[in-house]
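A quick write-up on the structure given underneath.
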Amino acid sequence: MIGTRPRRAAHGFSITELVIVIVILGILAALALPLLNTSETQIGWFQEQVRAAVRYAQKQAIAQRRTVHVCVSASALSLGYNAGCATPVLSLSTGAAYSISTPSGVTLSSSPTTFTFNPLGQASAAATVSVSGGTITVLAETGYVQ
């Protein structure tokens, strides 16, 4: 066997190794996918929407130099220029009344149920908005939303 070269070892993965990896990834994906659809994720997203809405109310009060009311009920949070939020604050992106509806399985409450921001951005009273146990606090003196 003169003139033949010794065979080099093949580099890469065998088909068996690739199939095993694909099966393991499939099992992990099947286990992880339901975690993305939990109510905890929905609660977290809604809580951030509520926090953003309250901050938006404060910013609009300062920008427009007028009082903005935040009205909270079990089914929605809305912003308006009067006590009942009958004259709504408009959303900059849609031009419609700024209101967010509570998704199913999420609870929304506030103490007090209506509070305001004056033209300086100060809240009328300290307020606590609760979203399924998580709280958003508004400080009275500064209007700081945390």
Side-chain angles (χ1 to χ4, degrees), residues 4-64 67-118 120-146:
T4 59
R5 294 185 192 168
R7 202 169 209 210
R8 293 190 321 170
H11 296 294
F13 299 103
S14 69
I15 191 74
T16 307
E17 291 169 331
L18 289 174
V19 169
I20 289 173
V21 168
I22 291 172
V23 168
I24 290 172
L25 288 176
I27 292 170
L28 290 175
L31 294 174
L33 190 61
L35 296 177
L36 298 176
N37 297 327
T38 64
S39 62
E40 291 176 13
T41 304
Q42 190 173 21
I43 291 168
W45 289 340
F46 185 67
Q47 186 172 5
E48 289 305 315
Q49 283 182 319
V50 169
R51 183 176 283 118
V54 174
R55 287 180 179 151
Y56 182 73
Q58 181 189 34
K59 303 285 187 222
Q60 286 301 307
I62 295 168
Q64 296 181 9
T67 301
V68 173
H69 296 258
V70 178
C71 304
V72 180
S73 67
S75 61
L77 179 140
S78 54
L79 308 178
Y81 294 115
N82 54 9
C85 292
T87 306
V89 172
L90 301 179
S91 170
L92 290 176
S93 60
T94 64
Y98 197 106
S99 179
I100 52 174
S101 300
T102 307
S104 61
V106 178
T107 59
L108 176 65
S109 63
S110 176
S111 175
T113 56
T114 301
F115 56 94
T116 62
F117 288 102
N118 68 18
L120 297 176
Q122 299 167 324
S124 58
T128 303
V129 180
S130 177
V131 178
S132 293
T135 58
I136 299 165
T137 307
V138 180
L139 303 179
E141 279 298 310
T142 60
Y144 182 70
V145 180
Q146 53 183 352

Exercise: identify the closest heavy-atom pair between [X] and [Y]:
| X | Y | value |
| --- | --- | --- |
| Phe46 | Ser101 | CE1-O, 3.3 Å |
| Gly95 | Leu90 | O-CD2, 3.6 Å |
| Val106 | Ile43 | CG2-CG1, 3.9 Å |
| Cys85 | Gly80 | SG-N, 3.6 Å |
| Ala76 | Ser99 | CB-OG, 4.2 Å |
| Val70 | Ala57 | CG2-CB, 3.7 Å |

Open item on the list: Checking side chain to side chain contact (heavy atoms under 4.5 Å, CB included) between Val21 and each of Leu25, Val19, Val23, which is the one that passes?
Closed with: Leu25

With a 4.5 Å heavy-atom cut-off, do [X] and [Y] have their side chains touching?
| X | Y | result |
| --- | --- | --- |
| Val131 | Thr102 | no |
| Val68 | Tyr81 | yes |
| Ile62 | Phe117 | no |

Open item on the list: So, using ring-ring contact (aromatic ring centres under 6.0 Å, His included) as the criterion, who are the partners of Tyr56 when residues are at least two apart?
Closed with: Tyr98

Open item on the list: Would the distance check show the side chain of Arg51 and the main-chain N or O of Ile136 forming a donor-acceptor pair, the cut-off being under 3.5 Å?
Closed with: no

Task: Side chain Gln58, main chain Gly143, donor-acceptor under 3.5 Å - done: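 Such a contact is found between Gln58 side chain and Gly143 backbone.
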
Please round to the nearest 0.5 Å and tell me the distance separating atom [atom1] of [X] and atom [atom2] of [Y].
| X | Y | atom1 | atom2 | answer |
| --- | --- | --- | --- | --- |
| Glu141 | Leu120 | CD | CG | 11.0 Å |
| Leu77 | Cys71 | CG | SG | 8.0 Å |
| Leu108 | Ser75 | CG | OG | 8.5 Å |
| Ser124 | His69 | OG | NE2 | 8.5 Å |
| Gln122 | Thr116 | CD | OG1 | 10.5 Å |

TODO: Write out all pairs satisfying ring-ring contact (aromatic ring centres under 6.0 Å, His included) with one or both partners inside residues 12-35, taking only residues at least two apart or from two chains.
DONE: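 ring-ring contact (aromatic ring centres under 6.0 Å, His included) check on residues 12-35 returns no pairs.
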
Open item on the list: Run Leu139 and Gln146 through side chain to side chain contact (heavy atoms under 4.5 Å, CB included) and show every step you take.
Closed with: CA-CA 8 Å; Leu139 303 179; Gln146 53 183 352; 3.9 Å; yes

Open item on the list: Tell me whether Ile15 at atom CD1 has more than 12 heavy atoms from other residues, nucleotides or ligands lying less than 6.0 Å away.
Closed with: no

